[in-house]
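Reminder, nothing fancy here: chain letters follow the sequence lines and each chain counts from 1.
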Amino acid sequence: MEDAGGILTSKYKQSFKIMEKRELCPDTFFYAIEAPFIAKKLEAGQFVIVRPNDNGERIPLSICGWDSDKGIINVIIMSAGRTSGEINAMNVGDCLADVVGPLGERSHVEKTDGTAVVIGGGYGTGAVLPTALDHKKLGNKIVGIVGARSENLLLMVDELKAACDDVLLTTNDGSIGIEGFVTHALQKLIDDGVKVTSVLAVGPVPMMMAVCKMTEPLSIKTWVSLNAIMVDGTGMCGACRVSVGGETKFACFHGPDFDGHKVNFDELIKRQKMFVEKEKEALEAVSK
Amino acid sequence: MADLSNKKRMALPMQEMPLHPGEERVKNFEEVPIGYSDEMAKQEALRCIQCTKPGCIPGCPVGIDIPAFIQLIEDGDFGGAVKKIRETNFLPAICGRVCPQDKQCQLDCVVGKKNKPVEIGSLERFVSDYERDNGGPVLPDIDPDTGKKVAIIGTGPAGLTAAYELRKKGHAVTCFEAFHRPGGVLVYGIPRFRLPLDIIDADVAFLEEMGVEFVYNMIIGKVLTLDDLLKKEGFDALFIGTGAGLPKMLGIPGENANGVYSANEYLTRIYLMNADKFPTYTTPLVQGNKVAVVGAGNTAMDVMRTAKRLGADVTCYYRRAREQAPARTEELHHAEDEFINWKFLSNPVEIMYDENNKVTAIKCEKMRLGEPDSSGRQKPVGTGETFIDEIDTLIFSLGCNVNPIIPSTDKKVTTNKWGIVMVDEKNYMTNKPGVFAGGDAVTGGSTVILAMGQAKVAAENMNKYLKGEIKWGEANVPDNPNWPGIVWDKPKPKKAATQK
Ligand SMILES: Cc1cc2nc3c(=O)[nH]c(=O)nc-3n(C[C@H](O)[C@H](O)[C@H](O)COP(=O)(O)OP(=O)(O)OC[C@H]3O[C@@H](n4cnc5c(N)ncnc54)[C@H](O)[C@@H]3O)c2cc1C
Ligand SMILES: Cc1cc2nc3c(=O)[nH]c(=O)nc-3n(C[C@H](O)[C@H](O)[C@H](O)COP(=O)(O)OP(=O)(O)OC[C@H]3O[C@@H](n4cnc5c(N)ncnc54)[C@H](O)[C@@H]3O)c2cc1C
Ligand code: SF4
Ligand code: SF4
Ligand code: FES
């Protein structure tokens, strides 16, 4: 826009340029994106909504780190369908059409004399990283648990190790760490006599469900980050409705973190499937 | 013609706005009214008797000099007519299309006592279209730079109006918008077949030409707080025009079934994200063949007419009778012409769904009209009898509460118990010094022209505030949680508007 009489500048216009891109494992990339205003305001547990191009859809992405001075935010994107695939086809120097945020409330972190545990699966390993750092800042003892199908699919392990007192790895095929699921690692901690006072689990819904099922009888406070389907991310549309403790909540505005023992996961899983047919169609349209 | 007597003028037939026929228009998103020809506009203008105390003007929330612009149309000076309107309303193409004229300017037109009121809205629309086809609007005079900076939060009609008024006064104006494009509900609510996009874009381009800066993807409260804007970013005053964007639900079982949408989600997917052009645009929408729409206000009419255009069989469920439907008459008629099914006196009590969480049916209780309540409306009472209709999509169109982001991130901006931003009723200043508000944020959902009217008053007072003529502390902000928000009194019907 024209500078009107020299008073107006366009200092608020952001370009959302991809500054760095790294493959973490097949179809999963780490990005550093220029977003100076968002980078100044981010807090652990928050997310952004991204629209890759002018024809694109808005998708939510968790934040796994940021640099306020450089004006950079970090996200991890796993190719799930058309939109994530479109972004993963972009390169350093390309610009995303829109990035909005920070959205959602910050993760719940309190001073504890026990041990806080963060559990990540897939992109969730990045998503729990800022919360782990918050625990560390408070002086809490913090253990990270990362799960994947196999060793080559584990991601962000070094970063998590730097933020936690200890990190346990689990793989379904036993290629590294404990053989089995993240719940096995959590069970091991408890069996070893570690006093776990809070858990944050971020990742695929079945993983979050399994963690909650295990911690509920032990009365361990467990937070989960709900990846409901979203549109605006500001509380305007209600697409992200989830049932928590029998009440309807908007995941984008009241969450994304909720008390996992109160979440109706069954409904969440079914709601996530709302657009499956369309998603396939969208993918087929590109491959043509 | 000028010597036509008032009696003759008042007996002239109303020029019916030509429309695309129902069976054709449900096949596309083109604007439904076709528009007046020059001749029709002049004929319609003849019906105005130029009252000395016009009933129409007080009915227009921005007080357009209606008889004056109609006279200019009668004289064939269409350019002059639009200039006249622009003295008080800078969005005539929008207002001419979407104002509820039957509840505002046309309500007390004298001609309407015996005949149909003068079609003020259609005339306003006509001259604004004439202007667009003939070089567009002329830039207004802009006062010399004052060195003051103002931020406008939200680019709906309230924000756009405040930007216009404050820029004219020589202030530097920056508009912050949460979405990637401007317009607010004008874009993501009101359907294209009532308000084409290029009209809104032209009005925004006009503001840009005046030197107003637009910034998108900025959720104020989150990315920059009000304090950031005032203290770090150097803005001298702020205007909150963030609208009413928190959808209401009924709170009945089954509301989270797949295929149940709020009107906001449904309309946003289509009109902001272009889901109707999927997969060229990648935002999906799943709409089945049997669509139920709950509610009978303007939003419900928009949703139903949209669903119809996307090929569905659409039924309206409303717990009161047709006569009590809150939609404007014209919108109801348009919907009726577009083959919508109606189930009045039907109160949804449950949404049924299958094992995949997919909506399958709606269960309603049949209602009957009981005693009139305090507002004089007959209250619907349950009969105990229920019925079940099979459906595959349900859209709640029940209105909105106020968008909570700003008040939730700045405790100084106080709200009533429904989330409406509290302002001094005279100058629209909030409880936070230098911060003003207007539009749906202070009414909880009203109309485009009311939002504009309030934004004008707020802008006028912001200008005074910036000049040091009013100070915070002089603001009289209510602290009553039951404060109803800004309420616009419909003009009281005058017995006899005096005639020339
Ligand atoms: C708060 C939150 C944080 C998230 N963080 C990350 C992250 O850091 N990294 C990452 O790779 N993914 C993240 N996701 C999931 C990511 O948004 C989806 O993978 C993405 O939307 C898929 O879009 P698509 O077009 O590529 O795939 P599609 O083919 O559209 O969808 C594949 C699956 O993704 C889910 N999905 C689709 N659309 C949406 C939508 N608009 N919002 C949410 N889920 C959707 C559905 O379950 C769907 O079946 C997050 C989701 C939420 C709600
Ligand atoms: C479907 C529908 C149909 C309607 N039809 C009519 C009609 O025919 N005639 C009529 O007169 N009225 C109609 N209305 C009502 C009318 O549209 C509203 O009264 C009017 O748009 C209110 O204007 P506003 O500027 O206050 O808010 P809005 O138009 O709601 O605009 C608010 C803007 O603020 C932005 N925003 C919100 N929060 C933030 C934030 N934190 N930071 C930055 N930006 C933010 C939003 O994205 C939005 O762009 C209709 C409403 C709907 C929903
Ligand atoms: S702005 Fe609206 S209310 Fe005012 S004269 Fe025009 S149509 Fe009527
Ligand atoms: S009230 Fe009088 S001046 Fe106004 S439009 Fe009607 S006839 Fe004309
Ligand atoms: S995404 Fe629209 S309300 Fe949460």
Revision key, fill the gap. Answer key: most heavy-atom pairs under 4.5 Å with chain A among B:E209, B:M218, B:K222, B:E355 is B:K222
Exercise for review: Look at atom NZ of A:K270 and say whether more than 12 heavy atoms of other residues, nucleotides or ligands are closer to it than 6.0 Å.
Suggested key: yes
**Study point:** Heavy-atom proximity to chain B below 4.5 Å, by part of A:D54
**Key:** backbone
Exercise for review: May I ask you to name which of B:P284, B:P144, B:P279, B:C400 has the most heavy-atom pairs under 4.5 Å with chain A?
Suggested key: B:P284
Exercise for review: Indicate yes or no: at least one non-hydrogen side-chain atom of A:C212 is less than 4.5 angstrom from one of A:F265.
Suggested key: yes
Exercise for review: Just give me the residue among A:F16, A:F37, A:F250, A:F275 that pairs up with chain B most often, heavy atom to heavy atom, under 4.5 Å.
Suggested key: A:F275
Revision key, fill the gap. Residues passing the side chain to side chain contact (heavy atoms under 4.5 Å, CB included) test with B:A312, sequence neighbours excluded, are B:Q287, B:V291, B:V314
Check your understanding: Do other residues, nucleotides or ligands put more than 12 heavy atoms under 6.0 Å from the NZ atom of A:K213?
Key -> no
Practice item. Counting only heavy atoms closer than 4.5 Å, note whether A:L268 contacts chain B via side chain, backbone, both or neither. Key: neither
Point to revise | Region of A:E86 in contact with chain B, defined by heavy-atom distances below 4.5 Å | key: side chain
Review point. Which bit of B:A275 comes within less than 4.5 Å of chain A, counting heavy atoms only: side chain, backbone, both or neither?
Key: neither
Point to revise | Atom group of A:T83 that falls short of 4.5 Å from chain B, counting heavy atoms | key: side chain
Point to revise | Flag side-chain contact, heavy atom, 4.5 Å: A:L226 against A:P256 | key: no
**Study point:** Close side-chain approach of B:T306 to B:V303, heavy-atom, < 4.5 Å
**Key:** no
Revision key, fill the gap. Okay, A:A39 and chain B: the region with an atom under 4.5 Å from a heavy atom over there is neither
Review point. Which heavy atom of A:P102 sits nearest a heavy atom of A:L42, and at what distance?
Key: CB-CD2, 3.6 Å
Study note, to complete from the structure: Tightest non-hydrogen contact, residues B:G295 and B:A300, listed as O-CB, 3.3 Å
**Study point:** Derivation of the salt bridge (Lys or Arg N to Asp or Glu O under 4.0 Å) call for B:R181 and B:D201
**Key:** CA-CA 9 Å; B:R181 65 156 5 275; B:D201 286 344; 2.9 Å; yes
Study note, to complete from the structure: Correct closest heavy-atom pair for B:T174 and A:Y12 would be CG2-CD1, 4.2 Å
Study note, to complete from the structure: When every non-hydrogen atom of A:C237 is compared with those of A:V231, the smallest separation belongs to SG-CB, 3.8 Å
Review point. If you measure only the distance, is there a donor-acceptor pair under 3.5 Å linking the side chains of B:T360 and B:D354?
Key: no
Check your understanding: So which residues of residues 254-273 of chain B are in contact with chain A at a heavy-atom cut-off of under 4.5 Å?
Key -> B:E255, B:N256, B:A257, B:N258, B:G259, B:V260, B:Y261, B:S262, B:N264, B:E265, B:T268, B:R269, B:M273
Exercise for review: Considering non-hydrogen atoms only, spot the tightest contact between A:C240 and A:A228 and give its length.
Suggested key: O-CB, 3.8 Å
Practice item. List the steps and the verdict of side chain to side chain contact (heavy atoms under 4.5 Å, CB included) for A:M236 and B:F179. Key: CA-CA 11 Å; A:M236 184 279 266; B:F179 275 128; 3.5 Å; yes
Check your understanding: Can you tell me if B:N463 and B:H171 form a side-chain donor-acceptor pair at under 3.5 Å?
Key -> yes
Revision key, fill the gap. So the side-chain hydrogen bond (donor to acceptor under 3.5 Å, both in side chains) pairs with at least one residue in residues 27-42 of chain A (sequence neighbours excluded) are A:S15-A:E34, A:Y31-A:N88, A:K41-B:D228
Point to revise | Test applied, side-chain contact (heavy atoms from CB on, under 4.5 Å); reference residue, A:H261; option that passes from A:V244, A:T222, A:V224 | key: A:T222
Check your understanding: Side chain, backbone, both or neither: which part of B:I219 has a heavy atom under 4.5 Å from chain A?
Key -> side chain
Practice item. Could you have a look at B:T225, B:N401, B:T280, B:I142 and say which one has the most heavy-atom pairs with chain A under 4.5 angstrom? Key: B:T280
Practice item. Identify which of A:I269, A:T248, A:L103, A:V242 forms the greatest number of heavy-atom pairs closer than 4.5 Å to chain B. Key: A:T248
**Study point:** Interface moiety of B:F396 toward chain A, non-hydrogen atoms closer than 4.5 Å
**Key:** neither
Point to revise | Interchain contact, B:Y216 with chain A, by part (heavy-atom threshold 4.5 Å) | key: neither
Study note, to complete from the structure: Per-residue tally against chain B (heavy atom, under 4.5 Å) across A:K273, A:R82, A:E267, A:R51 peaks at A:R51
Point to revise | chain A contact residues among residues 229-240 of chain B, heavy-atom distance under 4.5 Å | key: B:E233, B:F235
